[in-house]
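Here is how names work: the chains are called A, B, and so on, in the same order as the sequence lines, proteins then strands, and each is numbered from 1. Atoms considered below: every heavy atom in the structure, side chains included; atoms not considered: hydrogens, waters and symmetry mates.
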Amino acid sequence: MSPILFWIFVAIMLFFAGMVVLNRNPVASALSLVVSFMALAALYVSLDAYFIGVIQILVYAGAVMVLFLFIIMLLDLKAEVRRRMNFPAVCGGFVVILLFLKVLSDVCYGVFGGNAKLPPISQGPKGDAWQVGMLIFERYNLALQVVGTLILVASIGVVILSKRELK
Amino acid sequence: MNLLVQLTYLSQIIGALLILGGMPARRTAIIATLIAFVSALIVFAGYDRTTAGYQFLAALPLVPDWDLKFSIGVDGLSSTLLLLTSIVGLAAILVSPTVEEGENRYYACILLIAAGAAGAFASLDLFFFYAFHELALIPTFLMIGIWGTGNRQSAAWKITIYLSIGSIILLVGLIGLYLLPPAPQRTFDIVKLQQLASSGVFSGSGSKSIYLLLLLGFGILVSLFPFHTWAPQAYASAPVPVAMLHAGVLKKFGLYGLLRVALPLMPEAAHHWAWLLLILVTGNILYVGLATIAQKQLDLTLGYSSVMHMGYVFLGIATYNIIGLNGAALLMLAHGLSIAALFAMCGEVRKQTGTLNYLDLGGLATNMPTLSFVFGLATFASIGLPGFANFASELLVFFGAFKTPTPGSAFNEFQIVGTIALWGVVISTVYMLRAYRAIFMGEPQARWQGVRDIPAKVRWAVVFLVAALLVVGLAPRIVLDAVEPGIRLFVK
Amino acid sequence: MNFSPWIVLFSPFASVIVTVLVTQKFRKLSSYISVAAVAISFIFSLAIFFGPNGSKGFNWVDLGTFRIEIGYLINDLTKLMLLVVAGVGFLIHVYSIGYMGEDRGRARYFSGLSLFMFSMLGIVLANNFIMMFIFWELVGVSSYILIGHWFDRDAPPAAANKAFLANRIGDFGFMLGILLVWSASGTVTFEQLAQRWPALGLSPGFMTAAALLLFCGAVGKSAQFPLHVWLPDAMEGPTPVSALIHAATMVAAGVFMLARTFFLFQTSATALTLILWIGLITSLLAALMATQQDDIKRVLAYSTLSQLGLMVAAVGLSNPQAGMFHLFTHASFKALLFLGAGSVIHCLHHEQNIWQMGGLQKKMPITFWTFLVGTLALVACPPFAGFWSKDEILASAGTNLPAFLAIAIVAFLTAFYMSRLFVVAFLGHPRSDQAGHAHESPLVMTAPLVILAIPACIAGFPFIASAFIKLPEHEGSPIGSMVISLIAFLAGAASGFYLYKGKDKDEIDVPLFEHRFYIDEFYNSLIKWTQDLLANISGFVDRWIIDGGMVRGLSGITWGFGFALRFLQIGNLQAYAFLFGAGVVLLLYYILFGTK
Amino acid sequence: MVTLNDYLMASGLLFAIGFAGVLLRRNVIIIFMALELMLNAANLSLIGFSRFNVQNGLPDYNAQVLVFFVITVAAAEVTVGLAIIVALVRARQTTHVEDISTLKF
Amino acid sequence: MTIPPFCFELFVLALGILLLLLETFSEKQDRKMFAFIGIVGLAVVFLLLQTSTPGPSGMVSYVVDSAAIFFKKISVLTTIVVLIMSIDYANAIKRFLPGSSPQSGLGEFFALPVLTCAGMMWMSSAIDFILIFVSLELVTISFYILVAYMRRNANSLEAGVKYLILSGLSTGFTIYGITWIYGVTHQTNLARIEQVLPGIPLENQPGLLFGALLVLVGLGFKIAAAPFQFWVPDVYQGAPTPITAFLSVGSKSVGFIVLLRVVQAFQSLPAVGNRLITAIILLAAATLLYGNLAALPQTNFKRLLAYSSIGHAGYILIAVAGIGSRDSGRAVVVYLAAYLLMTLLSFLVLVIVTARGEGDDIVNFNGLAKRSPFLAFGLLVAMMSLAGVPLTAGFLGKFLVFKVAFETRQFFLIALGIVTVGCGFYFYLKVVRAMYWQPASASVTSIPVSKLSLATIAIMVILIFVLGVFPQIALGLLP
């Protein structure tokens, strides 16, 4: 993928991520999140991770975001009433984030000689879905089972927590 | 034979458990302490004085990796202190008043305190030596808090927190001590440690700081100046048996620890820090002595005086010669007996009159002839008059302090502190006689007309204590001959 | 094996044990046991007196290199002192049967007396410093017990405390001296010390210090200036106690100790000079104070002080034998005087003010005459005992003119105040009802008076005294000092008679003397401004700075930190997230950039 | 040419934005969304690392497996989280963080 | 016959599903029966675990070493006790759940801890970041549900939301950290990471350290290390008490096993490993101070236990920081074993005392010694052990921690430890004071205790003393 496309997608991703935080309307935030995640999926694809990119769109844009939107609607959340900003807290938050970014950029530009090139890959006989699938079902089979349990637990939990009247 | 030493603490632990299980409290407690007393007496008498070293040994290996054993045994010093523990323990049970509520807990706590002290003295393993002493901490807290008098809550907090911090410092010091030798030689066994000491493994650079930790830890437990402020208030507020056991016996644990662990293992470090100990001793004797004079209540006076007298033991320990150390050992016994007797009678006075303030009291001797007589004896013992064990031991401490390598030379620091300590005798005379006079002498007051003399059970207890003081005071060799060989082993 | 010293020593001890433990309830029996015990002691003392010298002991403490012995040392000094102590003690025990007959605490009293006899005999027999110190302290205890015998009044306990404390202060020096001597010589046994001490080659300063510190013991016990204040107060005790302890024996223990260990003092001229002047000052001050006292026992007490000062001065003049000689004679006539005074007090229902007495000549003839003998002995009227012994001291002052003069003045003053006492208390007419209805004491009290009067009369004659004590030969003629002594006596007695004959109240008023030079007041304020002040400061510091500041402060600060930390826990989710993030950033910063 | 560091920085910025959302927004649901951003930032890094770590001519699919699990777990977390938030709103009628601070000190 | 090691989790999982099925298909059954079934089943698993020995597992991401077995035992034991507590707590659960029958939701309340337990057991064996992550999340998400379980109780929900957001935050950091560790080492498996670490070039080490620190942050959150501990008091207070106990013991224990494994792996590259240990020392110091100091003015018993749980995390972190010492792992294990006993004992007594709707302030324990001497004694022993009185298990833990600290020359931490132990005595004894010194208020009467709880308390009291007096038993937990 050309660098220009990369930068465009990065810009979209970061801009809409920013919108998630800055929008006062929860619905707008949720929609921004979808856009941001789609750009992210494009970046995945730019890294030859097609399977993950597809999953990203399916799960996030397709399922999670719908859930978010649904809940926002359900709860009938209005745009946040502007409350008085707690300035020390905001400043403190910015300082913490800027410092974190400073650490992060120092680390980022310090490692790998600062300019690791994208190594070429050969297109294998099987697609990456197959590769990932083999790993999941063979090497990480146990983890998969754990995730299965996790989903079981989560679904029970959701029932318990949100059913209006338990049987 | 080995069972005898075990009995000195086990009988009390078992007694406590039985009492908690519902046995009649007082009777069981008396039987338990009597068994402990008899076995301690047999151990003391049966200890073979012709050979130094540990006897009545028994050990149960627990952690072979660390050479940690449940190891029991006595030498002259510990058999003496075991005897002291059992005597004071028995007396403490005897003087215990009728408890309205929770009698079982009351007696179980006393027994546990006594058992903790006895176990610590009988242990020959650093781990259990330490652990047994701490066993007494919580019962003390409970007893002062529940059955104490006056400002009991603050007193209970203070003693417990202070002592727990002291103990944890001590624990760190003991761990450091354990880690001092190279790995294959590490052991918790006090006997083995003492044998190791001759090979010089404890004279390394770390030994000085570890000695300081031990001194600090043990010092806090003995109310070494300036870590003494827990003692007077706690003793003043504690129920009588606790004050007796704590001031009389438990406090000696720190001194015993110095004599048993710190000094024999790290003589160089002891020499190195002698100056510090001397300064603190001065604080204990002179400063606390003066503060004692300023007290206006008998319980506080006794509490402060017990802090002050610890200074003499520390002085004996600081001298690090045969005379001073034997004096310190004997003084531990003597002070334990005398302060226990004094606290027992102090409690009786409080029970009868409801106050211990010098301004309120006076002329009690008319109605309490026996009490005032025995109190007088205990007072004389406490201020170090001949005939009582305190005198012999303080005398030895002074001689220890004045033993100089070069005869006739100028005063060295030991002699200066020795002189101050000698003046301390005058100070203690001032406050004890003043207290005695203020309480017992003078015109009988109308409001104390109803006061009755000491009841039989208390009388037997205090007479028992004072008699022990007299016997040892008249013939100190009973104790010294047992203690001396053990001390000679590590003092060249 | 010679058991007599042990029997002498331990028979009163056995009496203590029996009377305290067994016969406390039976007052009469207790007193008889006590008297019997001292009688046994006296008999065996006689046996020792005629027996050989020797020394023997056993180890009380044995630490290998360090031993404390309990043992006896019999020599001429011991023999004399044993006789004095046991003899006077026996008589006073007998006298006490009468004097304390009605007292509730009679059993306790006799236990105390027996304890005193035990301790005093222990001092006398001791063959080393530590044993002497042990009994030295015990003497103090028994004195405390006996002074405070009437504990249900206010004054006796106070006096007892004062006496005990003054003694303890003296003992502080004494013990320090013993420790110094021991640290230098390595021994405390008198015989060994006597051999080793001069050969040790110690610096003069050290020897002076050691000697003076030992002397402190004598200052306390023998009530020398500046620790003399306890003795007059000690008169609060029963009169036989005053006679035995505070006149004849215990207070003489200091002098005895000086004599016993004179070899230590000999080596330091400075110390001797100081001892001499302490003795003389005590003697003078006490004599001056005695001239203004109205309490019969107090007059006698000050005279005791004064005489003790003379004895100490004799030691300071390097003539301890003279001191011992005076001690010997003084013991008999002062005991006699006190017992006589006791007899008077007893008959006057515990009236002690001499201005409430008078006209006793007829009513109490035995007391009157024996008291006269005692007075004459004390004022050094020839040929009574006091004349010879005082003369001996005067003579040893010899060329030391200031000392000589001082002793002479004391002699004059003694004659003055004793004649004042005698004139006021016994002659003239009764000045109170009690004095008017007085009658003679019972036999058990008068017999000791009569017996004591005998040595007071004759003990001074050189040919009798030499059986008891060997006095050094003097250079030059003794006549000079005898004349001075006689003049002083006559002048004093005459002025006393002249001034007080037929008077009903004291017309001479010297507040300075009456208030004992305000020394007690000075001490009270001294104690208040030193000891009590320091004590209160220490108490304050302990309560508010060490306990309040250090302990409570630290725990309070800790608690405060804990309390402050709670305000991080404000319940706001976002604040927690912020703190979480801040923690992450700080950790990353420090570890990534702050450490290597 | 796009380097690994560019991907990492992009991911880092996304993470920081998510973090900022957590710190600055008061609406629990938005905070929750911001948390999703953070997880996705991690995923981007992972994919980047995986692509730049080529073995035998193939990217390292282990990392992609991890991403797969992260996405799954995140989805589960979202469902449970939203259920809790719904319950909270039912109980307290608020999604505002400052209103849920009764437990403190 | 030996059971394949990975079967234990499957047993527990099956047990959990069995409970869910029972819940679904039985209408009338008393739900408490399910708890008993769970307890018995877990007890069987525990006994079976006794037979398992360290050995190869046949999987790369899963190990069976003695530490793993030990932590599995801890997980199972904790769950058993939590179920016992849950029985006593059932009334409170019912009160705060809307349901058609009084039994509504109870079955799940007993089943979820069992499933969580399976997650913990997986976590104990996990040495691959992937497995670590998913099992960690299994545990975390279960706790979201459990903490917020009483959804009619605002406090429970509030706790749930706080836990949700903050835990999500920490998950974000953790996964980001894992990313970086993977990015530098190209491995997710700790065993492999340990092998390749020495070859990491110097320029990449900051990235590695960055990742490791972020993983440390995430784990620090789990084990309640300062400054990532702020959720602890609030969540502990709001959550249903058995769940608080579960969080406090189970979640923390498995956090520590992962932490130990990570720190151990990083020791192969001292340049990074030592700095990681420095970070742990800092966390330990902050945690010790925060936990023990902030507990001093506490008046709510549950919050007190929360702060105490933070404080104990500090002590265990000291042991972790002393990983250079031979006894470091032992110290962690012994301390956790002791911590398990004494904390669960405290919570059990708390559940029983507050079962009938009384508050959980320390004041509510006033006069407990008179109302129920046995409960008071149990709590007394727990408090003694928590404070570190000798001859109790808690002392042995502290002893080992100080020993390890001394061996690795962490004198600063030792000094802090001395201060904090003193503080500990103060606030633990506050509870003892309430029970023994203070009179009970007039309205309260004696407290009924079920036989099962009684037996559990007795067993735990005995175990506390046995571990304290016979250290070899505790040390034998991790040979």
Any residues in residues 160-168 of chain C near chain B, with a heavy-atom distance under 4.5 Å, and which are they?
N161(C), F164(C), L165(C), R168(C)
Heavy-atom pairs under 4.5 Å with chain B: which of S555(C), G205(C), G140(C), A158(C) has the most?
A158(C)
Taking atom CZ of R477(B) as the centre, does the number of heavy atoms from other residues, nucleotides or ligands within less than 6.0 Å exceed 12?
yes
Should the heavy atoms of other residues, nucleotides or ligands under 6.0 Å from CH2 of W460(B) be counted, would the total exceed 12?
no
Measure S154(B) against the heavy atoms of chain C and call it side chain, backbone, both or neither at under 4.5 Å.
side chain
Selection from F380(B), F227(B), W423(B) maximising heavy-atom pairs under 4.5 Å formed with chain C
W423(B)
Nearest-0.5 Å distance that lies between atom CG in L470(B) and atom CD1 in I17(C)
9.0 Å
Mind ranking I322(B), V430(B), L480(B) by heavy-atom pairs under 4.5 Å with chain C and telling me who comes out on top?
V430(B)
Partners passing ring-ring contact (aromatic ring centres under 6.0 Å, His included) against F118(C) (at least two apart in sequence or in another chain)
F10(C), F13(C), F135(C)
Under the side chain to side chain contact (heavy atoms under 4.5 Å, CB included) criterion, do L63(C) and I487(B) qualify, and how do the steps go?
CA-CA 10 Å; L63(C) 298 177; I487(B) 288 174; over 6 Å; no
Quick one: what part of L286(B) sits under 4.5 Å from any heavy atom of chain C, side chain, backbone, both or neither?
neither
CD1 of I323(B) to CZ of R67(C), rounded to nearest 0.5 Å, is 11.5 Å
Is there a side-chain contact between L176(C) and F398(B), using heavy atoms and a 4.5 Å cut-off?
no
Ignoring hydrogens and geometry, is there a side-chain-to-backbone donor-acceptor pair from W60(C) to A392(B) under 3.5 Å?
no
If you count every heavy atom of other residues, nucleotides or ligands that lies below 6.0 Å from K296(B) atom NZ, does the total exceed 12?
yes
Residue pair E443(B) / D152(C), side-chain heavy-atom distance below 4.5 Å:
no
Bottom line for A210(C): the part with an atom under 4.5 Å from chain B's heavy atoms is neither
Side chain from CB out, backbone as N, CA, C, O: work out which of these in M550(C) comes under 4.5 Å of a heavy atom of chain B, or both, or neither.
side chain
Rounded to the nearest 0.5 Å, what separates atom CD1 in I169(C) from atom OG1 in T429(B)?
9.0 Å
Under 4.5 Å from a heavy atom of chain B, the part of N59(C) involved
both
Can you tell me if OH on Y523(C) sees more than 12 non-hydrogen neighbours from other groups inside 6.0 Å?
yes
How far does CZ of R552(C) sit from NZ of K158(B), to the nearest 0.5 angstrom?
4.0 Å
Give the minimum heavy-atom separation between A294(B) and A535(C), together with the two atoms involved.
CB-O, 3.3 Å
So, the part of I68(C) with a heavy atom under 4.5 Å from chain B: the answer is side chain
Closest heavy-atom contact between E137(C) and G384(B)?
OE1-O, 4.2 Å
Quick check on Y431(B) against chain C: is it the side chain, the backbone, both or neither that has a heavy atom closer than 4.5 Å?
neither
CD1-CG distance between I293(B) and N536(C), expressed to the nearest 0.5 angstrom:
9.5 Å
Is there a donor-acceptor contact under 3.5 Å from the side chain of Y287(B) to the main chain of D542(C)?
yes
Under 4.5 Å to a heavy atom of chain B? For I130(C) that would be side chain
Contacting moiety of V541(C), where chain B heavy atoms sit under 4.5 Å:
both
Taking every heavy-atom pair that is under 4.5 Å apart, which of A365(B), P444(B), A401(B) has the most such pairs with chain C?
A365(B)
Which pair of non-hydrogen atoms, one from P157(C) and one from M441(B), has the smallest distance, and what is that distance?
CB-SD, 3.5 Å
Part of I161(B) lying under 4.5 Å from any heavy atom of chain C:
neither
Please lay out, stage by stage, how I546(C) and H228(B) fare under the test side chain to side chain contact (heavy atoms under 4.5 Å, CB included).
CA-CA 9 Å; I546(C) 293 197; H228(B) 64 274; 4.3 Å; yes
Just checking F402(B) against W182(C), ring centres under 6.0 Å apart?
no
How about F151(C) and F440(B): are their ring centres within less than 6.0 Å of each other?
no
Would you give the length of the straight line joining atom OG1 of T419(B) to atom CE of M175(C), rounded to the nearest 0.5 angstrom?
11.0 Å
Backbone N or O of D154(C) within a donor-acceptor pair of the R437(B) side chain at under 3.5 Å?
no
Which atom of A291(B) lies closest to which atom of S538(C), heavy atoms considered
N-CB, 3.6 Å
Non-hydrogen atoms of chain B under 4.5 Å away: do they reach the side chain of V61(C), the backbone, both or neither?
both
Quick one: does Q531(C)'s side chain get under 4.5 Å of I427(B)'s, heavy atoms only?
no
Determine the interplanar angle of the F391(B) and F133(C) rings, folded into 0 to 90°, and report it as parallel if under 30°, tilted if 30 to 60°, perpendicular if over 60°.
parallel
Name the orientation class of the two ring planes belonging to F399(B) and F66(C) (parallel below 30°, tilted from 30 to 60°, perpendicular beyond 60°).
tilted
